[in-house]
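Single-structure report; data block below.
Just the heavy atoms: all of them, side chains too, but no hydrogens, waters or symmetry mates, feed the values below.
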Amino acid sequence: MPNKQQIIEFYSEGFQEENRLLSGLGVLEKLRMEELLRRFLPTAPAVVYDVGGATGVHSFWLAERGYEAHLLDIVPRHIELAQERTKSGGAVPKSMIIGDACKLPYADASADAVLLFGPLYHMTEQTDRLKALREAYRVLKSGGVLLAYGIMRYASLIYAIDKGFINRDDYFAMISRELEDGEHRKPESVRTITDSHFHLSDELRAELENAGFVTGETVGIQGPCWMTPDFDKLIQDAGFAERALMVARQVENEPALSPHFLSCARKR
């Protein structure tokens, strides 16, 4: 996987994760993820470990709905921002700690559900992804739910076509590598996520099964409407947002139409 310090620096000094779900594609993702959490999670009050949960957007949302949410993230800045948010009042996660998805500080069979919405795509080596999945398996109760988030193998290609980047040599070289083996290697000249692994949905399902899980549904998250001209502006309109959600639901069984997808699995 990329050097842990590289990931920490990426989120601390450049990319601001705390703002990602407030604009553009993030708005649609947040709306869609909330309805998927309602669908796949056991009812509250269940124990949910939000592993790699960044600043706790989902952890706070779960706490407000009666879940015992525990936030863990490798980036100290994210945990600091989550702790700062508790000062505004309201329901808060049960715990918020700095930690590593490959070595969880939780007891065996202690969670009803685990969310891996951040870690897996940051792990370029399959051995690391399997470590994280097996740790999630360890801390889940029998029958517990894992929700694993992947970046779709074709996301950069579709984005490049939409934005006219396909004729840029640096971007085209990056895409060619991704399509070949899923390895996203960020050139210095390209503004994008740090080195990552972009999955095919069947590939992530196979990794889940390798880690011992029984796999269930795999669904696209945002659907194809993110390619709409002026999407970032249009998504702020409630009417357009609802139509984009409707399309995402209708085509969710074709994960390749979304830039991100969610795989649901259970502990045996």
Side-chain angles (χ1 to χ4, degrees), residues 11 15-44 46-73 78 81-82 85 91 93 96 101 111-122 136 144-152 155 193 196 198-199 201 204 208 216-226 231-232 235-236 238 240-266:
Y11 284 106
F15 189 83
Q16 295 184 324
E17 176 66 22
E18 62 270 25
N19 297 322
R20 185 175 68 85
L21 298 180
L22 300 179
S23 63
L25 184 62
V27 174
L28 179 57
E29 177 180 334
K30 184 174 184 293
L31 292 170
R32 179 78 168 130
M33 290 299 283
E34 288 173 357
E35 68 179 28
L36 292 174
L37 288 171
R38 291 188 188 99
R39 185 199 305 184
F40 292 125
L41 287 183
T43 57
V47 176
V48 181
Y49 295 155
D50 186 5
V51 178
T55 59
V57 170
H58 298 302
S59 287
F60 280 88
W61 185 85
L62 290 168
E64 290 166 359
R65 282 150 185 81
Y67 287 90
E68 183 183 314
H70 297 261
L71 172 64
L72 179 144
D73 198 86
H78 289 167
L81 289 169
R85 180 175 172 179
M96 294 172 282
D112 298 292
V114 173
L115 311 182
L116 287 179
F117 290 174
L120 295 180
Y121 55 81
H122 280 304
V145 175
L146 172 70
L147 298 180
Y149 178 111
I151 298 180
M152 176 51 64
I193 192 171
S196 306
F198 291 180
H199 278 89
S201 56
L204 181 52
L208 290 165
E217 291 184 71
T218 292
V219 298
I221 297 174
Q222 301 97 333
C225 288
W226 66 299
F231 174 85
D232 288 359
I235 194 60
Q236 300 297 329
F240 177 84
E242 182 54 38
R243 289 192 175 189
L245 279 170
M246 290 174 64
V247 171
R249 294 176 197 127
Q250 289 176 312
V251 301
E252 68 175 24
N253 291 326
E254 297 291 345
L257 292 175
S258 290
H260 308 124
F261 66 97
L262 193 68
S263 287
C264 181
R266 289 186 179 273

For a quick test of reading the model, state the closest non-hydrogen atom pair linking [X] to [Y] and the distance between them.
X    : Y    : result
G53  : D73  : N-OD1, 3.5 Å
A136 : V114 : CB-CG1, 4.0 Å
Q236 : L22  : NE2-O, 4.0 Å
P259 : G223 : CD-O, 3.9 Å
D50  : S59  : OD2-OG, 2.7 Å
A113 : P42  : CB-CD, 4.2 Å

Taking side chain as C-beta onward, heavy atoms only, is [X] less than 4.5 Å from [Y]?
X    : Y    : result
R65  : F60  : no
V219 : P255 : no
H70  : M96  : no
F117 : V51  : no
V48  : L37  : no
L146 : L208 : yes
L41  : L147 : yes
S258 : Q222 : yes

### Query
Which is it for I193 and F198 under the side-chain contact (heavy atoms from CB on, under 4.5 Å) test, yes or no, and what are the steps along the way?
CA-CA 11 Å; I193 192 171; F198 291 180; 4.2 Å; yes

At what distance, to the nearest 0.5 angstrom, does [atom1] of [X] lie from [atom2] of [Y]?
X    : Y    : atom1 : atom2 : value
L71  : R85  : CG    : CZ    : 10.5 Å
Y67  : H58  : OH    : NE2   : 13.5 Å
S201 : M152 : OG    : CE    : 5.0 Å
D232 : W226 : CG    : CH2   : 11.0 Å

#### Entry: K30 and E34 ion-paired at < 4.0 Å
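Yes, this pair counts.
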
### Query
Are R249 and E254 within salt-bridge range, i.e. N to O under 4.0 Å?
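Between E254 and R249 there is no salt bridge, as every charged N stays at least 4.0 Å from the carboxylate O atoms.
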
### Query
With ring centroids as reference points, do Y121 and H199 lie under 6.0 angstrom apart?
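Y121 vs H199: aromatic centres not under 6.0 Å.
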
### Query
Can we call the ring centroids of Y11 and H122 under 6.0 Å apart?
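Here the rings of H122 and Y11 have centres that are less than 6.0 Å from each other.
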
### Query
Would a distance-only check, ignoring hydrogens and angles, find a side-chain to backbone donor-acceptor pair under 3.5 Å from D112 to V47?
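Here the side-chain-to-backbone pair exists.
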
### Message
For the backbone of I221 and the side chain of R32, can you confirm whether one donor and one acceptor N or O come within less than 3.5 Å of each other?
### Response
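Answer holds: yes.
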
#### Entry: Stepwise side-chain contact (heavy atoms from CB on, under 4.5 Å) check, C264 with V145
CA-CA 7 Å; C264 181; V145 175; 4.1 Å; yes

#### Entry: H260 and Y149: CA distance, side-chain angles, deciding distance, side-chain hydrogen bond (donor to acceptor under 3.5 Å, both in side chains) verdict
CA-CA 7 Å; H260 308 124; Y149 178 111; 3.0 Å; yes

### Message
Using the rule given for side-chain contact (heavy atoms from CB on, under 4.5 Å), can you reason through L115 versus L62, listing the C-alpha separation, both sets of side-chain angles and the distance that settles it, and then say yes or no?
### Response
CA-CA 11 Å; L115 311 182; L62 290 168; 4.0 Å; yes

### Message
Do S263 and T218 pair up side chain to side chain, a donor and an acceptor below 3.5 Å, judged on atom types alone?
### Response
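The answer is yes; a qualifying pair exists.
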
